[in-house]
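Note on naming: letters A, B, ... go to the chains in the order of the sequence lines (proteins, then strands), and numbering restarts at 1 for each one.
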Amino acid sequence: MNPTEATPAPPRVRFAPSPTGYLHIGGVRTALFNWLFARRHGGRFILRVDDTDSQRNLADALAPILDGFRWLGIDWDEGADIGGPHEPYYQSQRLALYQAAAEKLLASGVAYRDYARPEETQTERAEAEANKVPYLASRRWAGETAEDRARFEAEGRTFAVRLKMPRTGTCRIEDLVRGTVESEWAAEADHVIQRADGTCLYHLASVVDDVEMGITHVIRAEEHLPNTPRQIFIFEGLEAPLPAFAHLPVVAEPGSRVKLSKRKLDKYLKNPEFADLYQHGRRIADRLGLAATPETFNPVITDFYRIAGFLPEAVLNYLLLLGWSLDDHTEILSPAEQIAHFTLDRVNKAAASFDPKKLMSFQEKYMQALPVDERLRRVLPFVETVGWVATPPSPAELERVRGIVAAAADRIKVAGDILDYDEFFVADEKLAWDEKAFDKRIRSAAGATELLAALRSEIAELPAGADFSAPAVEKILGEFVAARSLGLGAIVHALRLAVAGKPIGFGLFDILALLGRSSVLARIDRALVHAATPPGAIGPS
RNA sequence: GCGCCCAUCGUCUAGCCUGGUCAGGACACCGCCCUUUCAAGGCGAUAACACGGGUUCGAAUCCCGUUGGGCGUACCA
């Protein structure tokens, strides 16, 4: 690098979630872009907590957010939990800073004490609405002199602090994503920055913190774009340098441009693809015995993916492409590649709607790329939680689960899918059958029970310790059907139902090998008894 | 209402700045192949420049307008 060239200071960016008790997937996308930008330029990513309006228990409301980021591998350099040079990182603990800033704005005349009563402001606003003009405060109750203040206070009025917005000129924002955005200052209302009770509002707090924390780039969702002029006004009032702004498109509902919201789960469930994703996760949550309410478990919330056993890299990769692209063909980017290639100028302007199917496709690709032992590692916590293996598993259990994972191959899309394969963990006498399939494939299939019985004796006659691996089983079955001039199809379905209880799943030879000879014999026996029981009669539970 | 933002296949997008390609890729869908089921995989097909005016030999690309959508307009964030 040319030593005479000034090295730009490393950027400082922030993500400032409200402690709401959950991490919104759209918020993750915004945080991801900030994080990527910081990592790409050797800057700092700061996690500040916007709890100015918080009534809830902070620790409980914040934990899911921090856990979500940790799970995703989005780490922060300063902020919640870890502190840093600009402590505290909780806005509720920075009130004095905001009040001092309000004083400064008041002193320099860019803000005023507004003694208007709420209903008076309301009347003015209604009037403006009726006249179809932007609402502008009359400033009739602005206590700008000591006399005015004394008079208003004598009337029993209290004040809020309002910005005294310019009434002429143009505000120009050079947005890194949207280019030059212009608006008339006169269209800006005199926003309140400090309430009558002395507490401060978002716009003031946000700007004061950005100034104090040395934020160089404000990268946030597009919904904040119309708020930017008033924030710029505060920056200027504080005589602070302006950060660069980059407004990201929102993450929208499936098939719409409306911002994704966790409260509209019922509506999204009418979208079949969204419903599929939800049901997929739900099945896993149910098996885990989780109380999955829409408030805590829903594809809009990051925890959904963690609980169901998604790979964080896959989720991140999908989110990256929601509003950003590298070129006309690259889709799979590892975190390192994402950092290496991310630039704000390739961020899209239009809102991007959330596509559950495409997310799943990323998840499948990432899962397929994982070696069996890695998949085993992801799957283990699930079988441990439901008690199918001990915690930690014995070497034999480990080997068994590994075999199941290997045989499952691409069928395990998310780690929690392992819970679909209870037939390998349930005791032989507890195996439940899919009755409809059982009826079709065994009870009403001509010759099925006879064939099953014949195969059963053949397997039983195998010498003790005979090879029962998948290839060996394949050979046994092949010879069994060949001796009867039949195809494999003649026995496969009945056998699958008998030993696994369901008509779908792994390759049959894998199933038999995984179960082992004694289980196979026991299950065929039990199926034969069950087949003899008339349908509708009470079968084994 | 007013202000701002946005607009390419169903969806995510490339292309737009620096006009000229059969408008490219991915996901989904559909069809075929493979196949003991289910997945997976392979091959193929359908599918888009919101509309209307300009400018130009030529417009997805530049300009104007229209329409549609989104966000904001709180003593919320």
Side-chain angles (χ1 to χ4, degrees), chain A residues 16-18 20 50-54 91 114 116 118 121 125 128-135 158-162 171 173 175 177-179 181-184 186-189 191-197 199-203 205-206 221-229 247 249-250 252 254-259 273 318 321-332 346 348-362 364 368 408-413 417 420 437 441 474 477 481 487-493 495-497 500 502-509 511:
Chain A
S18 292
T20 51
D50 245 329
D51 57 345
T52 49
D53 201 44
S54 173
Q91 292 196 323
D114 182 20
T121 305
R125 189 173 283 124
E129 178 112 0
N131 294 332
K132 302 179 180 180
V133 294
Y135 164 65
T158 56
F159 69 87
V161 179
R162 279 187 193 275
C171 174
I173 302 166
D175 191 279
V177 170
R178 331 197 83 84
V181 177
E182 293 184 346
S183 58
E184 296 308 309
E188 281 288 322
H191 284 91
V192 171
I193 53 173
Q194 188 178 75
R195 298 183 183 94
D197 66 5
T199 59
C200 292
L201 268 65
Y202 165 74
H203 293 296
S206 174
E222 190 198 359
E223 56 199 280
H224 290 286
L225 184 55
N227 299 155
T228 305
H247 286 94
V250 299
S256 139
R257 306 263 107 135
V258 183
K259 197 175 93 170
E273 300 180 348
Y318 171 69
L321 263 24
L322 225 44
W324 182 89
S325 64
L326 176 61
D327 53 34
D328 63 345
H329 63 279
T330 308
E331 296 220 316
I332 299 286
R346 289 201 61 86
N348 244 74
K349 291 192 182 86
S353 62
F354 179 81
D355 182 349
K357 278 280 203 308
K358 183 122 185 179
L359 202 208
M360 256 340 265
S361 147
F362 276 96
E364 288 176 35
Q368 286 173 8
D410 297 333
R411 294 173 185 84
I412 295 180
K413 317 243 184 252
D417 285 343
D420 282 341
R441 294 301 191 181
E474 179 169 8
L477 275 184
V481 293
L488 217 40
I491 184 76
V492 161
H493 302 292
L495 188 50
R496 174 187 297 280
L497 249 305
K502 51 181 86 158
I504 58 169
F506 307 168
L508 181 61
F509 311 132
I511 294 178

**Request:** Round to a whole Å and report the spacing from NZ of A:Lys413 to P of B:C38.
**Result:** 13 Å
**Request:** Counting heavy atoms from C-beta on, name the nucleotide in B:A40, B:G25, B:U11 closest to the side chain of A:His329.
**Result:** B:G25
**Asked** Residues two or more places apart in sequence or in another chain: which of them pass side chain to side chain donor-acceptor pair (under 3.5 Å) with A:Lys259?
**Response** A:Glu223
**Fill in**
Quick note, A:Ile504 side chain, CB onward, closest among B:U37, B:C29, B:C5 is B:U37
**Request:** State whether the distance check finds a donor on one side and an acceptor on the other, under 3.5 Å, for side chain A:Arg178 versus base B:C5.
**Result:** no
**Message:** Any base atoms under 4.0 Å from A:Gly323, or only sugar-phosphate, or nothing? Heavy atoms, all strands.
**Reply:** sugar-phosphate
**Nucleotide B:C76, atom C1' - distance to CG of A:Asp197 in whole Å** = 14 Å
**Message:** On the side chain of A:His203, is there an atom forming a donor-acceptor pair with the base of B:A77 - under 3.5 Å, no angle test?
**Reply:** yes
**Prompt:** Checking only heavy atoms, does the side chain of A:Lys358 share a donor-acceptor pair with the base of B:A28 at less than 3.5 Å?
**Reply:** no
**Request:** Sticking with atom C1', work out how far B:C51 lies from B:U8, rounded to a whole angstrom.
**Result:** 15 Å
**Message:** Within the 4.0 Å heavy-atom criterion, would you say A:Gln194 contacts the bases, only the backbone, or no part of the nucleic acid?
**Reply:** nothing
**Asked** Touch check for A:His247, heavy atoms < 4.0 angstrom, all strands: base, sugar-phosphate only, or nothing?
**Response** nothing
**Request:** Give the nucleotide from the list B:G3, B:U36, B:C12 with an atom nearest to the side chain of A:Leu322.
**Result:** B:C12
**Prompt:** Side chain of A:Asn348: nearest nucleotide among B:C29, B:U13, B:U37?
**Reply:** B:U13
**Asked** In whole Å, what separates the P atom of B:A26 from that of B:G41?
**Response** 13 Å
**Complete:** From the candidates B:U36, B:A40, B:C27, the one with an atom nearest any side-chain atom of A:Lys357 is B:C27
**Message:** Looking only at the side chain of A:Glu223 (C-beta and beyond, no hydrogens), which of the listed nucleotides B:G10, B:G72, B:U37 gets closest?
**Reply:** B:G72
**Prompt:** Mapping A:Glu273 and A:Ala128 onto RNA chain B by nearest heavy atom, which one lands closer to the 5' end?
**Reply:** A:Ala128
**Request:** Indicate, with yes or no, if the rings of A:His224 and A:Tyr202 have centres closer together than 6.0 Å.
**Result:** yes
**Request:** May I ask you to say what A:Phe354 touches in the nucleic acid, namely base, sugar-phosphate or nothing, with a heavy-atom cut-off under 4.0 Å?
**Result:** nothing
**Asked** Reckon A:Glu188 touches a base, only the sugar-phosphate, or nothing at all at heavy-atom distances under 4.0 Å?
**Response** nothing
**Prompt:** Is A:Ala196 touching bases, backbone alone, or none of the nucleic acid, heavy atoms closer than 4.0 Å?
**Reply:** base
**Asked** Which part of the nucleic acid does A:Gly489 contact within heavy-atom distance under 4.0 Å: base, sugar-phosphate only, or nothing?
**Response** nothing
**Message:** Determine whether a donor-acceptor pair (one donor, one acceptor, N or O, separation below 3.5 Å) exists between the side chain of A:Asn227 and the base of B:A77.
**Reply:** yes
**Span that lies between the P atom of B:C9 and that of B:A50, in whole angstrom** = 7 Å
**Request:** Assign A:Asp328 to base, sugar-phosphate, or nothing according to its heavy-atom contacts below 4.0 angstrom with the strands shown.
**Result:** base
**Message:** Can you identify which nucleotide, out of B:C38, B:A28, B:G3, has its nearest atom closest to the A:Arg411 side chain?
**Reply:** B:C38
**Message:** Taking only the C1' atom of each, what is the distance from B:A28 to B:A47 in whole angstrom?
**Reply:** 12 Å
**Message:** For the backbone of A:Phe506 and the side chain of A:Arg496, can you confirm whether one donor and one acceptor N or O come within less than 3.5 Å of each other?
**Reply:** yes
**Request:** Side chain of A:Arg346 only, please: which of B:C76, B:G15, B:C71 is the nearest?
**Result:** B:G15
**Request:** Mind calculating the distance between CZ (A:Phe506) and P (B:A40) to the nearest angstrom?
**Result:** 15 Å
**Request:** Using the P atom as the reference point in each nucleotide, state the distance between B:G20 and B:C38 in Å, no decimals.
**Result:** 48 Å
**Request:** Identify, between A:Arg441 and A:Phe362, the residue whose nearest nucleotide on RNA chain B lies closer to the 5' end.
**Result:** A:Phe362
**Among B:A40, B:C29, B:C75, the nucleotide that comes nearest once only the side chain of A:Arg162 is considered** = B:C75
**Item:** Sugar-phosphate only, base, or nothing, as touched by A:Leu201 at under 4.0 Å among non-hydrogen atoms
**Value:** sugar-phosphate
**Asked** How would you label the contact of A:Arg496 with the nucleic acid (heavy atoms, under 4.0 Å): base, sugar-phosphate, or nothing?
**Response** base
**Item:** Pair assignment for B:A26, Watson-Crick or G-U wobble, requiring both distances under 3.5 Å
**Value:** B:U11
**Fill in**
Picking from B:C75, B:G70, B:A77, the nucleotide nearest the side-chain atoms of A:Val258 would be B:G70
**Request:** Report which part of the nucleic acid A:Ala189 touches: base, sugar-phosphate, or nothing (heavy-atom distance under 4.0 Å, all strands).
**Result:** nothing
